[in-house]
Structure formats: C-alpha cells, structure tokens
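Working notes, structure below.
Bear in mind the structure is a predicted one, so any value in this text is a computation, not a measurement.
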Amino acid sequence: MLIIRKMALVMACFLLISILSACGFNLEHNKEMEQGTTSDASGTMLAGQEAPEIVGILKSIETKEEVIITVEGQDVNYRLSEEAKSQIEGKEVDLGSEVAFTTFSIGDDKESIAEFIIK
C-alpha cells in the first residue's frame, strides 16, 4: 500500500512538472512573438491603427497597376490603388522623386499604395 502511494506521488509530481514546463515554453514563445521584427518595409500594424507613412524614391512604373519604390535601400514592388493611379496620371508624382505614401493590404504578400502624400 505504501509503495502504491509513493508511486502515485511520483507520477503526480512528474505530471505537474510536465504541465508547468509546457506553460513556461508558451510564455517564452509569446514574449518572442511580441518583440518580433518584420523584414518588409511597412512593418506590421494592428487592426484599427492608421497605416504608417512610408518615404521612398519612385524608381519605376512597371504597369498601370504596379510601381517600384526604393525604401530604405530596398526596391519594393507596390500595387496602386485608384487614387494613387490618378495621382501618377495627373503628374502629381514624378519618377526619381521622393514620395511619401500610406499602404494597405488586401490579404496577399504585396502591399498596395493607398495614396501618395503631397507636401
């Protein structure tokens, strides 16, 4: 009877240590996720926040739908919204000029330019 109690106590301790160690791993993993960085130029934003303003050099206009902008030394391909297209067609933004803009995502890897910010 004493051996069964000791065995039950050892099993309970083993189970408790296993559960606590699993929870500790999850807490560390959650802390790492909060501090994570992204490699894209725009970064990650939470729902409900306004998009950050990005500054870059308009390198080329690939099609009526896409442009390449150099942001922080990297060439990034962006999709154009209707507003951004009209700004390019209206010559409000020129090739080789420094541009400021905001972006949004429609659920894929490519960011879309909402509008160019004319200063």
Side-chain angles (χ1 to χ4, degrees):
M1 189 71 156
L2 185 62
I3 294 176
I4 295 175
R5 285 187 183 173
K6 285 182 181 180
M7 189 72 107
L9 182 61
V10 168
M11 293 298 285
C13 289
F14 179 72
L15 181 64
L16 183 63
I17 290 172
S18 297
I19 291 172
L20 290 176
S21 65
C23 292
F25 174 74
N26 286 336
L27 289 175
E28 289 175 10
H29 181 69
N30 288 339
K31 287 180 184 177
E32 288 174 6
M33 293 300 291
E34 290 172 5
Q35 297 172 359
T37 59
T38 58
S39 60
D40 61 344
S42 61
T44 304
M45 63 181 203
L46 298 173
Q49 287 184 332
E50 283 197 33
E53 184 177 305
I54 302 171
V55 178
I57 309 265
L58 182 59
K59 185 173 181 179
S60 69
I61 300 171
E62 295 296 300
T63 65
K64 286 186 173 185
E65 304 290 323
E66 296 180 357
V67 295
I68 294 179
I69 299 177
T70 303
V71 178
E72 297 177 359
Q74 294 182 347
D75 290 344
V76 183
N77 195 341
Y78 289 101
R79 187 178 296 129
L80 295 171
S81 69
E82 293 300 319
E83 177 67 25
K85 285 182 210 174
S86 67
Q87 288 176 311
I88 288 177
E89 291 169 359
K91 302 291 182 192
E92 295 176 39
V93 180
D94 295 322
L95 283 175
S97 63
E98 184 174 85
V99 292
F101 56 95
T102 57
T103 63
F104 64 92
S105 176
I106 58 173
D108 58 4
D109 289 340
K110 191 178 291 185
E111 293 285 321
S112 299
I113 295 176
E115 66 178 340
F116 291 103
I117 300 167
I118 309 299
K119 295 181 180 183

> Going through the distances and angles, do Ile117 and Thr102 end up as a side-chain contact (heavy atoms from CB on, under 4.5 Å)?
Replying inline: CA-CA 8 Å; Ile117 300 167; Thr102 57; 3.9 Å; yes
>> Side chains of Ile88 and Val67, heavy atoms from C-beta outward: is any pair under 4.5 Å?
In response: yes
>> Tell me the closest heavy-atom pair linking Ser81 and Ala114, and the distance in Å.
In response: OG-O, 2.6 Å
> Sub-3.5 Å donor-acceptor pair from the side chain of Gln87 to the main-chain atoms of Phe116, do we have one?
Replying inline: yes
>> Looking at every non-hydrogen atom in both residues, tell me the closest pair between Glu83 and Ser86 and how far apart they are.
In response: O-OG, 2.7 Å
> Going from NZ on Lys64 to CD on Glu66, what distance comes out if it is rounded to the nearest 0.5 angstrom?
Replying inline: 14.5 Å
>> With a 4.5 Å cut-off on side-chain heavy-atom distances among I, L, V, M, F, W and Y, is there a chain of contacts connecting Leu58 to Val71?
In response: yes
> Quick one: does Ile69's side chain get under 4.5 Å of Phe101's, heavy atoms only?
Replying inline: yes
>> If you compare all heavy atoms of Glu111 against all heavy atoms of Thr103, which two are closest, and at what distance to 0.1 Å?
In response: OE1-OG1, 3.3 Å
>> Could you tell me if the side chain of Ile61 sits less than 4.5 Å from the side chain of Leu95, heavy atoms only?
In response: yes
> Within the side chain of Thr70, is there an N or O that forms a donor-acceptor pair under 3.5 Å with the backbone of Gly56?
Replying inline: no
> Measuring from Glu82:CD to Ser112:OG, what's the distance to the nearest 0.5 Å?
Replying inline: 11.0 Å
> For Lys59 and Asp75, which heavy atoms make the closest approach, and how far apart are they?
Replying inline: NZ-OD2, 2.6 Å
> In Å, rounded to the nearest 0.5 Å, how long is the span from CD1 of Ile113 to CD of Glu115?
Replying inline: 11.0 Å
> If you count the non-hydrogen atoms of other residues, nucleotides and ligands that lie under 6.0 Å from NZ in Lys85, is the total more than 12?
Replying inline: yes
>> Using a 6.0 Å cut-off, check whether atom CG of Leu16 has over 12 heavy atoms from anything other than its own residue.
In response: yes
